[in-house]
Amino acid sequence: MDDFENAFSEAASGGDIACFQLRLKMADKAEIAAATERLMPIAERYGIAFLINDNPALAKELGTDGVHIGQEDMPYNEARQIVGDDMIVGVTCHDSRHLAMEAAERGADYVAFGAFYPTTTKVAKTAAEPEILQWWTSLCEIPCVAIGGITVDNAVPLIKSGADFLAISSGVWQHSEGPAHAVEALNRIIDNRSAT
């Protein structure tokens, strides 16, 4: 955990990060709570929203900013009932327009599409195309997040297609020049795109 705590601090110092999702699939409640206790203060110091993956009850108990739920975790309405109105609830929608519309209609704070590229983080259930981001942003004001294998080198097509946020794991943590460099580079790409 010391190594990751340092990496997170380094990444946070590299530039704007909207949100951090703690994703410890195989960890028990005590391990997630311990990681949250160490990492959430870093997020707070840098103004980064801190989300727990999959577990609304634990997110509520630990006082995080919200939760990210997948299609197999629990229905959005149930998650919202657990965390209340003031916490973030984001929903994985894979490559499905239907799932995204359902999540938006029920009140999700964001919808996440992917995987856009091959990923080593998990076995991707679907492969999404950038066109779904264009479709979503032309139709809805609820933010969309692009997920899956995103790096400094392949982020531009997703930004151009309308992704409001990029969910990046190994593209930051395993960047050859370190997490701060990855965050700096991604911020430059986003700033340049916003300026054009």
Side-chain angles (χ1 to χ4, degrees), residues 15-23 25 48-56 59 65-80 83 87-175 182-183 185-196:
D16 186 38
I17 299 173
C19 182
F20 173 79
Q21 181 190 142
L22 183 63
R23 188 174 185 274
K25 284 285 194 181
I48 302 168
F50 192 96
L51 306 187
I52 293 286
N53 193 59
D54 298 346
N55 194 327
D65 295 298
V67 65
H68 178 89
I69 55 172
Q71 291 295 322
E72 297 173 2
D73 296 323
M74 71 172 55
Y76 166 83
N77 290 346
E78 187 178 338
R80 175 60 71 193
V83 302
M87 291 176 71
I88 297 166
V89 179
V91 181
T92 294
C93 298
H94 302 300
D95 63 344
S96 171
R97 298 179 183 208
H98 175 71
L99 291 175
M101 290 300 293
E102 276 190 341
E105 287 167 3
R106 290 174 181 162
D109 293 294
Y110 68 82
V111 297
F113 295 111
F116 287 95
Y117 304 114
T119 174
T120 58
T121 306
K122 61 180 180 179
V123 178
K125 293 180 172 63
T126 57
E129 297 295 330
E131 287 75 20
I132 199 167
L133 301 170
Q134 296 171 341
W135 166 78
W136 182 258
T137 54
S138 71
L139 189 69
C140 293
E141 294 185 4
I142 293 171
C144 64
V145 180
I147 292 177
I150 303 168
T151 66
V152 171
D153 296 327
N154 64 22
V156 169
L158 303 178
I159 296 166
K160 286 183 175 179
S161 295
D164 295 293
F165 300 98
L166 305 174
I168 305 176
S169 181
S170 60
V172 168
W173 310 124
Q174 297 174 16
H175 192 278
V183 172
L186 288 160
N187 272 274
R188 280 196 304 273
I189 292 167
I190 292 166
D191 290 344
N192 289 341
R193 179 60 191 160
S194 300
T196 58

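Here, residue 1 is the first one in the sequence, and each next residue gets the next number. Only this structure's heavy atoms are used, side chains among them; waters, hydrogens and symmetry mates stay out. Since this is a predicted model, take the numbers as computed values, not measurements.
- The structure places CH2 of W135 at 6.0 Å from SG of C140, a figure rounded to the nearest 0.5 Å.
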Can you list the steps and then say if V172 with L186 is a side chain to side chain contact (heavy atoms under 4.5 Å, CB included)? CA-CA 9 Å; V172 168; L186 288 160; 4.2 Å; yes
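- Ring geometry for F113 versus W136: interplanar angle over 60°, hence perpendicular rather than tilted (30 to 60°).
- Distance alone, capped at 3.5 Å, is enough to place a donor-acceptor pair between the N154 side chain and the G149 backbone.
- Across N55, L51, V83, a single residue satisfies side-chain contact (heavy atoms from CB on, under 4.5 Å) together with V67, and that is V83.
- Panel note: side chain N53, backbone L22; no donor-acceptor pair is recorded below 3.5 Å.
- Looking at heavy atoms from C-beta onward, M101 lies in side-chain contact with L139 at the 4.5 angstrom threshold.
- Closest of all the heavy-atom pairs between A182 and G171 is CB-O, 3.6 Å.
- Other residues, nucleotides and ligands place no more than 12 heavy atoms under 6.0 Å from the CD atom of E72.
- In this structure, Y117 OH and T151 OG1 are separated by 7.5 Å, a value rounded to the nearest 0.5 Å.
- Shown here is F165, whose CZ atom has no more than 12 heavy atoms of other residues, nucleotides or ligands within 6.0 Å.
- Residues A100 and V111 come closest through the heavy atom pair O-CG1, 3.9 Å.
- Summarising the geometry of P157 relative to S161, their closest heavy-atom pair is O-OG, 2.8 Å, with the distance given to 0.1 Å.
- C93 contributes atom SG, which lies 8.5 Å from atom CD1 of I132 (distance to the nearest 0.5 angstrom).
- The minimum heavy-atom distance linking T126 with G114 is given by the pair OG1-O, 2.7 Å.
- When every heavy atom of L133 is checked against every heavy atom of C144, the shortest pair comes out as CD2-SG, 3.9 Å.
- For the pair P56/V89, no side-chain contact is recorded, criterion being any heavy-atom separation below 4.5 Å from C-beta on.
- For the pair R80 (side chain) and M87 (backbone), a donor-acceptor distance under 3.5 Å is present.
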For D164 and Y110, what are the C-alpha separation, side-chain angles and deciding distance, and is it a side chain to side chain contact (heavy atoms under 4.5 Å, CB included)? CA-CA 9 Å; D164 295 293; Y110 68 82; over 6 Å; no
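- For the side-chain hydrogen bond (donor to acceptor under 3.5 Å, both in side chains) with D54, the lone residue among Q21, K25, H68 that qualifies is K25.
- To the nearest 0.5 Å, atoms OG1 (T119) and CD1 (I147) are separated by 9.5 Å.
- Taking NE2 of H94 as the start and CG of L99 as the end, the distance is 7.0 Å to the nearest 0.5 Å.
- In this structure, A127 and D95 approach most closely via the heavy-atom pair O-OD2, 3.7 Å.
- For the pair D109 (side chain) and G90 (backbone), a donor-acceptor distance under 3.5 Å is absent.
- To the nearest 0.5 Å, atoms CD1 (I142) and OG1 (T137) are separated by 13.0 Å.
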